[in-house]
Amino acid sequence: MKNIIQDLTKEELGEVIKPSFRAKQIYNWIYHKYADSFEEMKNLPKEMREKLDEAYTLTPLKTVMVQNSKDGSRKYLFELHDKHTVEAVLLLMREKEYHEDGSVKHQERYTVCISSQVGCKVGCAFCLTAKGGFMRNLTAGEIVEQVRMIKKDNAIDANRRVNIVFMGMGEPLDNLTEVAKAVKIFADPEGMAIATHRQTISTSGLSTKIEKLGKMELGVNLAISLHAVDDELRQQLMPINKAYNIESIITAVKNFPVNDRKRVMFEYLVIKDVNDDISAAKKLLSLLDGIKAKVNLIYFNPYGGTEFKRPSEKEMKAFQEYLTKRGLHCTIRESKGLDISAACGQLREQESVRPEA
Ligand code: SAH
Ligand code: SF4
């Protein structure tokens with residue numbers, strides 16, 4: 001298997017390809033012109049193109065399936081070189097923008113939800129990804145390529161702004177080295193130029209890794225999958241809570257560098273009769289006291305074989321209202337792509353194309 005050229009930062013590329021201005025040209029071909037072969041890179045000398053082709057691949061992922069949702073989102077199933085598969089989703093979001101005079105306009109924004117691992121080790125009770133177990137980490141290039149493929153397939157102009165959320169398959173902080181590298185490659189101004197404040201890393205709460213991510217000063221947004229406010233329940237839902245309890249997460253968050261205009265997002269998956277009681281909302285409020293936080297309530301998305309249930313709209317609204325009335329920013333996440341299982345926690349490796357063990 002050849003090396004993946006998308007695994008390289010521009011600086012690393014500049015070290016292997018001399019003179020280093022060639023790295024910029026190659027980046028331009030890959031991330032602006034969406035080249036799929038070195039042959040196309042006509043402003044590079046022929047010998048260079050041949051050498052690159054011998055050493056590197058530009059197409060580490062193969063699209064095996066695309067599903068369109070009624071709401072405009074599209075789910076992609078990508079096959080990796082070792083035949084494992086991962087999913088990524090293109091979401092269309094309406095985002096608020098402010099004019100200079102302070103008036104508000106709404107704008108359609110692309111958000112790409114990407115995977116960081118094949119499967120996941122964390123094993124949350126409510127999550128479909130967890131059911132398939134853990135296979136392997138993705139490399140930075142395999143992470144970056146999900147976005148490049150989706151931008152190319154949808155003819156999204158290289159300069160058009162997109163947001164990235166690490167909310168697909170896997171626990172990003174369990175693959176921190178490659179995820180942090182992908183963040184930097186995404187942000188390269190001569191590559192995709194996706195500013196780090198447009199990238200969000202969602203974690204089940206690996207406190208020590210949250211601290212480590214903070215120290216890297218990448219400028220990414222942090223999202224914590226909290227889902228329960230007391231350790232006993234959280235442990236049942238998320239076994240990782242045994243190693244990293246709620247208090248350790250809150251401490252790590254308090255030490256995390258947050259962009260002036262941003263807040264740490266706490267995701268709270270609402271499961272009927274499990275964690276939807278108003279007493280939980282009350283506890284959540286005190287837990288987040290003193291943190292620049294916003295809460296995102298997520299409807300539990302049911303799937304075949306789960307005993308958990310989706311709460312009603314009324315229950316959701318009541319939970320939200322309790323928090324907002326007391327000054328906490330709290331939104332209810334629209335479940336995008338429900339009809340194609342592209343919504344949260346519904347991404348998993350496809351059994352049918354999984355390689356033989
Ligand atoms: N592993 C990371 C990144 C995946 S994000 C994390 O857990 O944060 C996926 C989000 O969807 C998480 O907040 C996760 O808790 C949530 N989720 C998992 N299963 C779900 C389900 N069945 N319905 C709705 N959300 C779910
Ligand atoms: Fe892994 Fe996140 Fe699913 Fe938990 S919710 S099993 S951490 S992907």
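Quick caveat, the model's predicted, so the values are computed rather than measured. Order of listing sets the numbers, starting from 1, for every ligand and every atom in it.
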Starting from atom 4 (Fe) of ligand 2, locate the nearest protein heavy atom and write down its residue, its atom name and how far away it is, to 0.1 Å.
-> Cys124 SG, 2.4 Å

Examine distances only and state if a side-chain atom of Lys151 and a backbone atom of Tyr31 form a donor-acceptor pair shorter than 3.5 Å.
-> no

Atoms in ligand 1 flagged as close to Cys127, the criterion being non-hydrogen separation under 4.0 Å | 18 (C), 19 (N)

Which one holds for Glu267 and ligand 1: side chain close, backbone close, both close, or neither close, with close meaning a heavy atom under 4.0 Å?
->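 Contact part for Glu267 vs ligand 1: side chain (C-beta onward).
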
Do the side-chain N and O atoms of Asn175 and Gln117 include a donor-acceptor pair separated by under 3.5 angstrom?
->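 Per modelled atom types, Asn175 and Gln117 side chains form no pair under 3.5 Å.
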
Would you kindly check if the NZ (Lys) or CZ (Arg) of Arg326 is within the cone defined by 45 degrees around the ring axis of Tyr322 and under 6.0 Å from the six-membered ring centre?
->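 Satisfied, under 6.0 Å and within 45°.
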
Heavy-atom nearest neighbour in the protein, as seen from atom 2 (Fe) of ligand 2, with distance rounded to 0.1 Å |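 Residue, atom and distance for the closest contact: Gly170 O, 4.5 Å.
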
Give the atoms of ligand 2, by number and element, whose distance to some non-hydrogen atom of Ser204 is under 4.0 Å.
->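 Heavy-atom distances to Ser204 below 4.0 Å select 7 (S).
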
Minimum non-hydrogen distance to atom 9 (C) of ligand 1, winning option of Met238, Met167, His227 =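 The nearest heavy atom belongs to Met167.
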
Hey, which atoms in ligand 1 end up nearer than 4.0 Å to a heavy atom of Glu171?
->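 With Glu171 as reference, the close atoms of ligand 1 come out as 1 (N), 2 (C).
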
Of all protein heavy atoms, the one nearest atom 3 (Fe) of ligand 2 is Cys127 SG, 2.4 Å

If you count the atoms of ligand 2 from 1 in the order shown, which ones are under 4.0 Å from a heavy atom of Ala130?
-> 6 (S)

Give a yes/no on ligand 1: does Cys120 have at least one heavy atom closer than 4.0 angstrom to it?
->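 No heavy atom of Cys120 comes that close to ligand 1.
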
Of Gly168, Ala223, Ser115, which has the heavy atom at the shortest distance from atom 4 (C) of ligand 1?
-> Gly168

Ring-ring centroid check Tyr27 His32, cutoff 6.0 Å = no

Are Val16 and Phe38 grouped together when hydrophobic residues (ILVMFWY) are joined by side-chain heavy atoms under 4.5 angstrom apart?
->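 Yes, because Val16 and Phe38 connect within a single hydrophobic cluster, where side-chain heavy atoms sit under 4.5 Å apart.
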
Please report the closest heavy-atom contact between Lys152 and Tyr34, naming both atoms and the distance.
-> NZ-O, 2.9 Å

For ligand 1, which atoms, with element, lie under 4.0 Å from some heavy atom of Ser204?
->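 Once the distances to Ser204 are compared, the set is 6 (C), 8 (O).
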
If you measure every N/O of Arg333 against every N/O of ligand 1, is any gap under 3.5 Å?
->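 For ligand 1, there is no N or O atom that lies under 3.5 Å from one belonging to Arg333.
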
Within reach of ligand 1, part of Phe308 (heavy-atom separation under 4.0 Å) | neither

Distance filter under 4.0 Å to Gly123 heavy atoms, resulting ligand 2 atoms =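 So the atoms of ligand 2 that pass are 6 (S).
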
Establish, from distance only, whether the side-chain atoms of Ser37 and Glu40 form a donor-acceptor pair under 3.5 Å.
-> yes

Atoms of ligand 1, numbered as shown, that sit under 4.0 Å from any heavy atom of Gly170 | 1 (N), 2 (C), 3 (C), 4 (C)

Donor-acceptor contact present, side-chain Glu178 to main-chain Ala140, <3.5 Å = yes

Ligand 2 contact by Ser225, heavy-atom criterion under 4.0 angstrom | no

Record the part of Thr203 in heavy-atom contact with ligand 1 below 4.0 Å; permitted values are side chain, backbone, both and neither.
->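 For Thr203, only backbone atoms sit under 4.0 Å from ligand 1.
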
When distances are taken from atom 1 (Fe) of ligand 2, the protein heavy atom at minimum range is Cys120 SG, 2.3 Å

Apply salt bridge (Lys or Arg N to Asp or Glu O under 4.0 Å) to the pair Glu47 and Lys51, showing each step before the final yes or no.
-> CA-CA 6 Å; Glu47 315 80 75; Lys51 259 178 69 186; over 6 Å; no

Between Lys18 (side chain) and Gly14 (backbone), is there a donor-acceptor pair under 3.5 Å?
-> yes

Could you tell me whether Leu269 approaches ligand 1 through its side chain, its backbone, both or neither, with non-hydrogen atoms closer than 4.0 Å?
->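 Contact part for Leu269 vs ligand 1: side chain (C-beta onward).
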
Mark yes when over 12 heavy atoms from residues, nucleotides or ligands other than His329 sit less than 6.0 Å from its NE2; otherwise mark no.
-> no

What atoms of ligand 2 come closer than 4.0 angstrom to any heavy atom of Val122?
->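 Counting atoms of ligand 2 from 1, those under 4.0 Å from Val122 are 1 (Fe), 7 (S).
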
Verdict with reasoning, Glu315 to Ser312, per side chain to side chain donor-acceptor pair (under 3.5 Å) | CA-CA 5 Å; Glu315 286 157 334; Ser312 70; 3.1 Å; yes

Is a donor on one side and an acceptor on the other found under 3.5 Å between the side chain of Tyr268 and the backbone of Asp276?
-> no

Ligand-residue contact atoms, ligand 1 with Phe166, heavy atoms, under 4.0 Å |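 Once the distances to Phe166 are compared, the set is 3 (C).
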
